[in-house]
Amino acid sequence: MPSTSWLFWALLSAGFAALTALCAKVGVNEIDSDLATFIRTIVILAILAALLLATGKFHNTAGFTPRACFFLLLSGLATGASWLCYFRALKLGDAARVAPVDKLSVVFVALLSVTFLGEQLSLKGWMGILFIGLGAILVSIG
């Protein structure tokens, strides 16, 4: 039974993201970064399709509202743009410097979620966001 803890899944996500950066850096050295992104996307589509088929979730259309679909479309466009930029950055730079800058997304999410979603962060939370931002900058400038 899968864990229901958000922290469990977030840590797995971080681990897989680290593997993504390392594997992508090796793979993108040999081919165009846009083609590498395309290949990655096909793999993801195949895995997700198999998962949805195996779990019977293709039939679960509850929540399919125009608003939900619109924001998922925007999310997909942002994801595609992010992946294209990430693979281009990996092609041009060191993975150990590219990945931390990419994680500035944590800072951006915090700022945008407070601004647009009305979410709140404690002083400790803001300090963590500040340190993430400073850490990414320090790693990127070497």
Side-chain angles (χ1 to χ4, degrees), residues 2-122 124-142:
S3 174
T4 58
S5 165
W6 67 265
L7 184 57
F8 171 81
W9 292 105
L11 288 171
L12 275 180
S13 174
F16 286 125
L19 289 174
T20 297
L22 296 176
C23 294
K25 178 61 181 173
V26 174
V28 81
N29 282 334
E30 304 293 323
I31 62 173
D32 177 76
S33 62
D34 295 338
L35 179 59
T37 304
F38 179 72
I39 292 168
R40 173 186 173 178
T41 303
I42 290 172
V43 171
I44 292 166
L45 282 172
I47 291 170
L48 281 174
L51 177 69
L52 290 171
L53 281 172
T55 59
K57 291 182 181 178
F58 260 123
H59 306 298
N60 187 2
T61 57
F64 264 57
T65 64
R67 183 177 191 271
C69 290
F70 174 72
F71 279 99
L72 289 173
L73 172 70
L74 290 179
S75 176
L77 291 171
T79 298
S82 173
W83 289 357
L84 287 168
C85 294
Y86 185 70
F87 270 57
R88 182 79 43 92
L90 282 174
K91 179 94 173 164
L92 299 171
D94 297 333
R97 294 173 70 194
V98 169
V101 173
D102 177 65
K103 296 311 173 228
L104 281 174
S105 63
V106 173
V107 175
F108 300 155
V109 167
L111 295 172
L112 293 171
S113 67
V114 167
T115 303
F116 295 108
L117 301 179
E119 295 182 1
Q120 302 293 317
L121 286 176
S122 66
K124 198 184 308 184
W126 282 115
M127 292 298 293
I129 293 300
L130 177 67
F131 289 138
I132 290 169
L134 289 173
I137 292 166
L138 289 174
V139 171
S140 71
I141 60 176

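Residue indices begin at 1 and follow the sequence shown.
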Nearest heavy-atom approach of Val139 to Ala96 is CG1-O, 3.2 Å
Heavy atoms from other residues, nucleotides or ligands near CZ of Phe58 exceed 12 (cutoff 6.0 Å): yes
Evaluate Arg40 against Ile44 for side chain to side chain contact (heavy atoms under 4.5 Å, CB included), listing each step before the verdict. CA-CA 6 Å; Arg40 173 186 173 178; Ile44 292 166; 3.9 Å; yes
Compare every heavy atom of Val107 with every heavy atom of Ile129, then report the nearest pair and how far apart it is. O-CG2, 3.6 Å
Within the side chain of Thr20, is there an N or O that forms a donor-acceptor pair under 3.5 Å with the backbone of Phe16? yes
When you measure from the side chain of Thr41 to the backbone N and O of Thr37, does any donor-acceptor pair fall under 3.5 Å? yes
Can you check side chain to side chain contact (heavy atoms under 4.5 Å, CB included) on Ile141 and Arg97, steps first, answer last? CA-CA 8 Å; Ile141 60 176; Arg97 294 173 70 194; 5.6 Å; no
Donor-acceptor contact below 3.5 Å, side chain Thr79 vs main chain Ser75: yes
What one should report as the nearest heavy-atom pair of Ala89 and Val98 is O-CG2, 3.5 Å
Residues Val114 and Trp126: closest non-hydrogen pair is CG2-CZ2, 3.8 Å
Locate the shortest heavy-atom distance separating Ala95 from Pro100; write the atom from each residue and the value. O-CD, 4.0 Å
Output the distance between atom CG (Asp102) and atom OG (Ser82), rounded to the nearest 0.5 Å. 5.5 Å
Do the non-hydrogen side-chain atoms of Asp34 and Arg88 ever get within less than 4.5 Å of each other? yes
Within this structure, what is the CG-CZ distance for the pair Leu92 and Phe87, rounded to the nearest 0.5 Å? 13.0 Å
Would you give the length of the straight line joining atom CZ of Phe38 to atom CG of Asp32, rounded to the nearest 0.5 angstrom? 12.5 Å
Can you tell me how far the CG atom of Leu90 sits from the SG atom of Cys23, to the nearest 0.5 Å? 11.0 Å
If I compare all heavy atoms of Cys69 with all of Phe64, which pair ends up nearest, and what's the gap? SG-CD2, 4.0 Å
Separation of Phe70 CZ from Thr65 OG1 (nearest 0.5 Å): 12.0 Å
What distance separates Ile31 CD1 from Lys91 NZ, expressed to the nearest 0.5 Å? 7.5 Å
